[in-house]
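First up is the structure itself, then whatever we jot down about it.
Residues: numbered from 1 along the sequence shown. For clarity, every value in this text was computed on a predicted model and none was experimentally measured. Atoms within each ligand, like the ligands themselves, are counted from 1 in listed order.
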Amino acid sequence: MMKKKAGLMMALVLSICAVFAQEVKTPKVVMDQFMDKRFGMFIHFGPVTQRGTEIGWSRNKEVAQADYDNLYHEFDPRLFNADTWVKTAKDAGMKYLTITAKHHDGFCLWPTAYSDYNISNSPFKRDIVGELAQACKKQGVTFCIYFTVLDWHDPDYPIHNPYDSTKNVKGDMTAFKTRMKNELKEVITKYKPFMLWFDGYWEKPWTKEDGKEIYQFIKSVDANVIVNNRLGKISEKLNEESVGDFLTPEQRIGEINMNEPWESCITICNQWAWKPNDQMKSLKQCIQTLVTTAAGNGNLLFNIGPAMDGHIEARQVKRLQEMGDWLKQYGESIYSTQGGPYAPNAIYGATRKGNKIYLHVFQRKDGMLTIPAIPGVKITKSYFMNGDAVTIKADKNNYQIGLPATLPDENCSVIVLVLDKNAQGIPVILTKA
Ligand code: H79
């Protein structure tokens, strides 16, 4: 009898836990809004731009700690203009923007009440995070915040130099987490971010429980705010053990995934923060990166690093503008679509919406593009988006698509396949390049 009662009790506790766990998940409608956006701007910025080295990681490497930690005394990005940054994102066709409010070096780009190591104590003084939040609101770009877990500058965080463990001390994680909560509450209530992009979860002082505690805390402040998967200790998949709402492949395009939301973060050059003469991706690479991401059912958070005076390099603005020009023509095949059914490869990828498949052709190998046929589906019409009709020969196994001598768009051409049924439910089709 006792055993049965205890069992019932246990079941009750478990189901309450399950309900509670579900309650704190970000609502699906909010996640759908996020994934419909497909393209966002990542901005890495801070006092380190004065050295042109990597944010966070160059501290105690290319830049001595004492030098790095004093850079903010001279940080004065006079050309910073939030409206210009946001307009650059908007003109690129980006629907959201994520700013490094705090990176691993601990410097806060907003005037936090909880640490003196912040922008109000630099010569610049102005609230970069706040001005961006406002400019985003004004221009209809969704505002998001990057906030890393680890903080090598904070005396309460036990690791101060990831390259030399002898420099590390005990710290006080309780005090550290309290400050983190205060800062998070401050940015959530002041700037109303749509999404929080965490990072730096991998160091030893941060535990699985810490991640869960902070996720619940965030949800208690604003239940709708989206959180990426780098707050907990598990970042490879989304399950009961992990924390967060979407996966975050870094510097690579994620695999096609129709079940778990994901967002690739990729730099326009090589370094996250500004680097003089950093190598920039070609327009073709930029467009095909975005398209392959959408074809895999993911978002692209494309990073730029503004220069130390606060301006975005002209060549980067131009490149982004060119992406925006492509999206003006072909945006219908990217925004609010699903990836697939064809898994993307080096030759082509696909997105879908309603009864249409948008076939993105990256390169022309010869006059015929052969792709696997979709069982039980008839193509009723096929044409280049904004262009000529396309001839397709279908047999049991393949569609043979006739291509002109030159594709209409050298960076990525789009062929629309109109189906006799909805494309949404078609299972993913593996392809060979
Ligand atoms: O903010 C950007 C990166 O700074 C951050 N995530 C993106 C969005 C990030 N921090 N750490 N990592 C990603 C993992 C990377 C570790 C390494 Fe390294 C940094 C590998 C190479 C450079 C440490 C330093 C190990 C070798 C050098």
Side-chain angles (χ1 to χ4, degrees), residues 34 39-65 68 71 89 94 96-110 128-129 132 144-154 157 159-165 167-168 180 187 193 195-206 211 226-236 243-254 261-275 278-279 281 289 293 298-306 316:
F34 175 53
F39 191 27
M41 176 181 273
F42 212 173
I43 305 178
H44 278 64
F45 193 53
V48 70
T49 50
Q50 293 172 101
R51 289 289 177 272
T53 57
E54 188 59 293
I55 192 165
W57 287 106
S58 65
R59 183 176 179 269
N60 277 305
K61 218 173 178 188
E62 293 85 353
V63 185
Q65 182 175 314
Y68 195 112
L71 286 170
M94 292 160 159
Y96 61 107
L97 179 153
T98 307
I99 177 72
T100 50
K102 182 162 106 161
H103 205 270
H104 310 338
D105 61 23
F107 186 74
C108 299
L109 280 184
W110 81 100
I128 292 181
V129 176
L132 279 170
C144 309
I145 284 178
Y146 170 104
F147 188 111
T148 191
V149 166
L150 63 82
D151 185 338
W152 296 321
H153 184 273
D154 190 321
Y157 185 76
I159 295 177
H160 302 295
N161 178 351
Y163 305 109
D164 181 357
S165 56
K167 296 277 161 52
N168 301 330
M180 185 176 178
V187 295
M195 177 264 279
L196 292 173
W197 211 107
F198 285 96
D199 208 352
Y201 61 89
W202 51 79
E203 288 187 334
K204 212 165 173 197
W206 193 249
I226 296 174
V227 174
N228 74 341
N229 66 333
R230 297 195 189 186
L231 183 57
K233 292 300 266 191
I234 292 173
S235 69
E236 305 79 38
V243 174
D245 305 311
F246 66 94
L247 300 169
T248 52
E250 178 168 329
Q251 294 292 39
R252 66 178 178 88
I253 301 169
W262 61 273
E263 177 207 61
S264 276
C265 53
I266 295 177
T267 47
I268 193 167
C269 293
N270 287 320
Q271 195 166 276
W272 292 97
W274 178 74
K275 178 180 170 182
D278 202 358
Q279 195 190 353
K281 292 183 173 67
T289 298
T293 302
N299 283 7
L300 175 64
L301 187 61
F302 204 43
N303 181 76
I304 55 134
Q316 295 185 23

Would you say T248 and R230 are linked by a side-chain donor-acceptor pair, where the criterion is simply a distance under 3.5 Å?
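Per modelled atom types, R230 and T248 side chains form a pair under 3.5 Å.
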So which of F45, F42, Y146, W57 actually passes ring pair (Phe, Tyr, Trp, His ring centres under 6.0 Å) with W272?
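When F45, F42, Y146, W57 are each tested with W272, the ring pair (Phe, Tyr, Trp, His ring centres under 6.0 Å) holds only for F42.
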Contact partition for H103 relative to ligand 1, non-hydrogen atoms under 4.0 Å:
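It is the side chain that gets close, since no backbone atom is under 4.0 Å.
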Mode of Y201 contact toward ligand 1 - side chain, backbone, both, neither (heavy atoms, under 4.0 Å)
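Contact part for Y201 vs ligand 1: neither.
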Please find out if less than 6.0 Å separates the ring center of Y68 from that of H153.
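Here the rings of H153 and Y68 have centres that are no less than 6.0 Å from each other.
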Polar side-chain atom of [X] near backbone of [Y] as donor-acceptor pair, under 3.5 Å:
X    : Y    : answer
W262 : I253 : no
Q279 : N270 : no
Q50  : L71  : yes
N168 : N161 : yes

For [atom], closest protein heavy-atom neighbour:
atom                    : answer
atom 5 (C) of ligand 1  : D199 OD2, 3.0 Å
atom 7 (C) of ligand 1  : E250 OE2, 3.3 Å
atom 26 (C) of ligand 1 : K61 NZ, 4.7 Å

Mark up the atoms of ligand 1 that fall under 4.0 Å of a heavy atom belonging to [X], in ascending order.
X    : result
Y163 : 24 (C)
Y146 : 1 (O)
F42  : 8 (C)

Anything under 30° is parallel, anything over 60° is perpendicular, the rest tilted; go ahead and classify F302 against F39.
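F302 vs F39 ring planes: tilted.
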Under a heavy-atom criterion of less than 4.0 Å, does H104 contact ligand 1?
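Flag set, H104 near ligand 1.
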Are the side chains of P306 and I43 in contact, using a 4.5 Å heavy-atom criterion?
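Touching, per the 4.5 Å side-chain cut-off.
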Do protein heavy atoms approach atom 9 (C) of ligand 1 to less than 4.0 Å?
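At least one protein heavy atom is under 4.0 Å away.
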Can you confirm whether some protein heavy atom lies under 4.0 Å from atom 24 (C) of ligand 1, or whether none does?
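When distances to the protein are checked, atom 24 (C) of ligand 1 has a heavy atom within 4.0 Å.
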Test salt bridge (charged side-chain N to carboxylate O under 4.0 Å, His left out) applied to K102 and D154, D199, D151, the passing residue
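Exactly one pass, corresponding to D151.
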[X] N/O under 3.5 Å from ligand 1 N/O:
X    : value
H44  : yes
W272 : no
W57  : yes
W202 : no

